[in-house]
Amino acid sequence: MPELPEVETVVRTLRPEIVGKSISAVWTSGIALRMAKRLDVAVLQRECVGATIKAVRRRGKYILIDLQRGATRSAGILVHLGMTGRLRVQPQRELRVKHTHVVWALARKQEVRFVDPRRFGWVQAAPDLDALPEIQALGPDPLSDLDAGELRDRLAVSHAPIKAFLLDQHRVAGLGNIYVCEALFRAGIHPTTQARRTQGKAALLMQAIRDTLQLAIANCGTSFRDFVDSTGAPGKNIEALLVYGREGENCFQCQAPVRRAVHSGRSTFYCGNCQIR
DNA sequence: AAAACACCCTGCCTGC
DNA sequence: TGCAGGCAGGGTGTTT
């Protein structure tokens with residue numbers, strides 16, 4: 001399940017493999033992706049073919065691939081991995097696996113492939129990625145644009161449960177179900193606490209979020225089933241998880257069994273002793 | 001208005 | 001062994 005650390009891992013492995021290379025062709029499966037929406041093949045072809053890859057970066061859970069077209073014109077490719085999306089760099093001769101939806105051909109018979117069995121992901125090309133509404137709408141990135149003061153101000157005006165607050169990409173960008181559970185455990189905050197009632201713990205929560213994400217990035221992401229980086233390697237962070245996926249097992253702090261409940265339609269793992277309302 | 005819920009989708013797992 | 005049903009949760013659109 002790609003969240004910020006998994007997306008960051010893909011960006012870091014992708015960057016040295018593709019920056020500086022040029023795209024000679026684009027292929028798409030023609031199958032609709034997120035929200036049953038079809039890719040705009042014409043725009044993808046127009047912006048990508050003949051372009052050189054200038055940079056690979058991340059905003060929240062989005063991957064942004066910056067392109068240079070000639071001396072003056074730039075463009076970019078936006079990729080969201082959804083639940084099961086993968087970006088891989090592979091030799092052209094390797095067979096394309098089932099559910100391959102987009103392929104960019106590079107020099108030296110290399111290809112960048114977007115594979116997504118559940119099709120919750122998204123790919124699009126555009127002249128200016130940062131101007132796209134989905135990027136504009138993102139909240140601050142917790143590793144670069146968010147500090148405890150800003151977080152406190154945002155918490156202060158929300159009546160939503162803290163878990164729903166942190167999952168909302170418009171408020172803070174990059175956290176998903178796994179790392180929200182982990183950060184709330186580290187901060188000792190119960191997932192159903194109203195966001196504005198956690199204001200006093202903003203600094204603690206901010207640090208918990210940073211620690212959680214940085215550890216996961218150091219471990220190259222969490223691989224339950226699907227996640228691999230652009231070279232095909234899984235992450236090692238599953239061993240570092242404190243509560244997520246540990247229902248019934250002992251809390252590392254107090255030994256009470258870790259509980260699971262459904263909040264906002266998502267499984268929440270937490271310790272009823274260590275996390276208070 | 002903001003919060004909650006339904007939906008998109010496939011693969012894996014459980015239970016009959 | 002086969003198959004139905006439940007579950008996983010990114011984001012978006014709709015309802016409450």
Side-chain angles (χ1 to χ4, degrees), chain A residues 1-11 29-39 58-64 78-87 96-102 114-124 129 132-139 141-142 153-184 191-198 213 216 221-228 234-235 237-238 241 243-248 260-270:
Chain A
M1 295 135 210
E3 303 179 30
L4 187 153
E6 290 74 32
V7 177
E8 182 65 28
T9 300
V10 172
V11 164
S29 67
I31 294 167
L33 297 181
R34 175 192 294 180
M35 301 301 288
K37 213 165 68 173
R38 279 182 198 285
L39 302 184
R58 178 189 62 75
R59 275 282 281 124
K61 299 176 194 170
Y62 284 93
I63 297 165
L64 292 81
L78 182 72
V79 180
H80 194 293
L81 300 175
M83 285 290 298
T84 54
R86 298 176 174 194
L87 268 184
R96 289 180 188 177
V97 296
K98 198 176 169 184
H99 307 301
T100 299
H101 296 296
V102 186
F114 175 76
V115 178
D116 187 5
R118 283 166 65 182
R119 288 145 58 195
F120 281 18
W122 186 242
V123 176
Q124 86 179 83
L129 294 180
L132 291 173
E134 46 270 69
I135 296 300
Q136 287 280 314
L138 290 175
D141 196 286
D153 293 345
R154 287 173 181 259
L155 289 169
V157 294
S158 173
H159 295 244
I162 186 65
K163 192 188 177 206
F165 175 97
L166 292 173
L167 283 172
D168 185 348
Q169 303 299 300
H170 306 106
R171 290 174 162 133
V172 179
L175 297 171
N177 203 36
I178 295 173
Y179 299 113
V180 166
C181 290
E182 294 294 300
L184 288 174
T192 60
T193 314
Q194 237 186 12
R196 63 195 185 94
R197 302 217 180 273
T198 69
L213 295 176
T222 302
S223 297
F224 271 105
R225 187 177 302 150
D226 301 288
F227 174 70
V228 290
N237 197 60
I238 198 161
L241 297 179
V243 284
Y244 192 89
R246 299 191 60 245
E247 183 183 13
R260 189 179 80 90
V262 176
H263 300 136
S264 321
R266 304 279 188 263
S267 280
T268 306
F269 296 88
Y270 65 102

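Within every chain, numbering begins at 1; the chains are lettered A, B, ... in the order of the sequence lines, protein sequences first and strands thereafter. Predicted model only: the values in this text are computed from it and were never measured. Note: hydrogens, waters and symmetry copies are ignored here, and every other heavy atom, side chains too, is used.
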| note | Looking only at heavy atoms, the pair that brings A/P191 and A/T268 closest together is CG-CG2, 3.5 Å
| request: Write down the distance between CG (A/L81) and C1' (C/dG11), rounded to a whole number of angstrom. | output: 13 Å
| Minimum-distance nucleotide (side-chain atoms of A/R171 versus C/dA8, B/dA3, C/dT12) | B/dA3
| note | Atom NZ of A/K37 and atom P of B/dC9 are separated, to the nearest Å, by 14 Å
| said: Tell me whether the rings of A/H263 and A/Y270 are parallel (<30°), tilted (30 to 60°) or perpendicular (>60°). | reply: tilted
| query | When we call it a touch if two heavy atoms are under 4.0 Å apart, what does A/T84 touch: a base, just sugar-phosphate, or nothing? | reply | nothing
| query | To the nearest angstrom, how far is A/D116 atom CG from B/dC8 atom P? | reply | 16 Å
| field | Euclidean distance, atom CZ of residue A/F165 to atom P of B/dA2 [Å, nearest integer] | value | 13 Å
| field | Earlier contact from the 5' end, DNA chain C, for A/L175 and A/S267 | value | A/S267
| query | Between C/dG10 and A/Q169, is there an OP1 or OP2 to side-chain N/O distance shorter than 4.0 Å? | reply | no
| query | Is it true that the side chains of A/Y179 and A/E6 contain a donor and an acceptor less than 3.5 Å apart? | reply | yes
| request: Please state whether the phosphate of B/dT10, meaning OP1 or OP2, lies under 4.0 angstrom from any side-chain nitrogen or oxygen of A/H99. | output: no
| task | Quick one: label A/R260 by what it contacts on the DNA or RNA (base, sugar-phosphate, nothing), any heavy atom closer than 4.0 Å. | result | sugar-phosphate
| said: Among A/V79, A/I63, A/L39, which residue satisfies the side-chain contact (heavy atoms from CB on, under 4.5 Å) criterion with A/F114? | reply: A/V79
| said: Go nucleotide by nucleotide along DNA chain B from the 5' end; which of A/R266 and A/A164 gets its closest nucleotide reached first? | reply: A/A164
| task | Tell me yes or no: between the side chains of A/R260 and A/S267, is some donor less than 3.5 Å from an acceptor? | result | yes
| Polar side-chain contact A/R119-B/dC9 base: donor and acceptor under 3.5 Å | no
| task | Choose from B/dG11, B/dA4, C/dG10 the nucleotide whose nearest atom is closest to any side-chain atom of A/M83. | result | C/dG10
| query | So what does A/P2 touch, heavy atoms closer than 4.0 Å: a base, only the sugar-phosphate, or nothing? | reply | nothing
| Within this structure, what is the CG-to-P distance between A/N177 and C/dA8, rounded to whole angstrom? | 9 Å
| field | Nearest-Å distance for atom pair CD/P, residues A/E3 and C/dA8 | value | 15 Å
| request: Grab the CG-P distance between A/L166 and C/dG11 for me, whole Å please. | output: 13 Å
| Starting at CG of A/D168 and ending at P of B/dA4, how long is that distance when rounded to a whole Å? | 12 Å
| said: From the set C/dG10, C/dT12, B/dA3, return the single nucleotide nearest to any side-chain atom of A/E134. | reply: C/dT12
| task | For A/Y244, answer base if it contacts any base atom (sugar-phosphate contacts may also be present), sugar-phosphate if it contacts only those atoms, and nothing otherwise; contact means non-hydrogen atoms under 4.0 Å. | result | sugar-phosphate
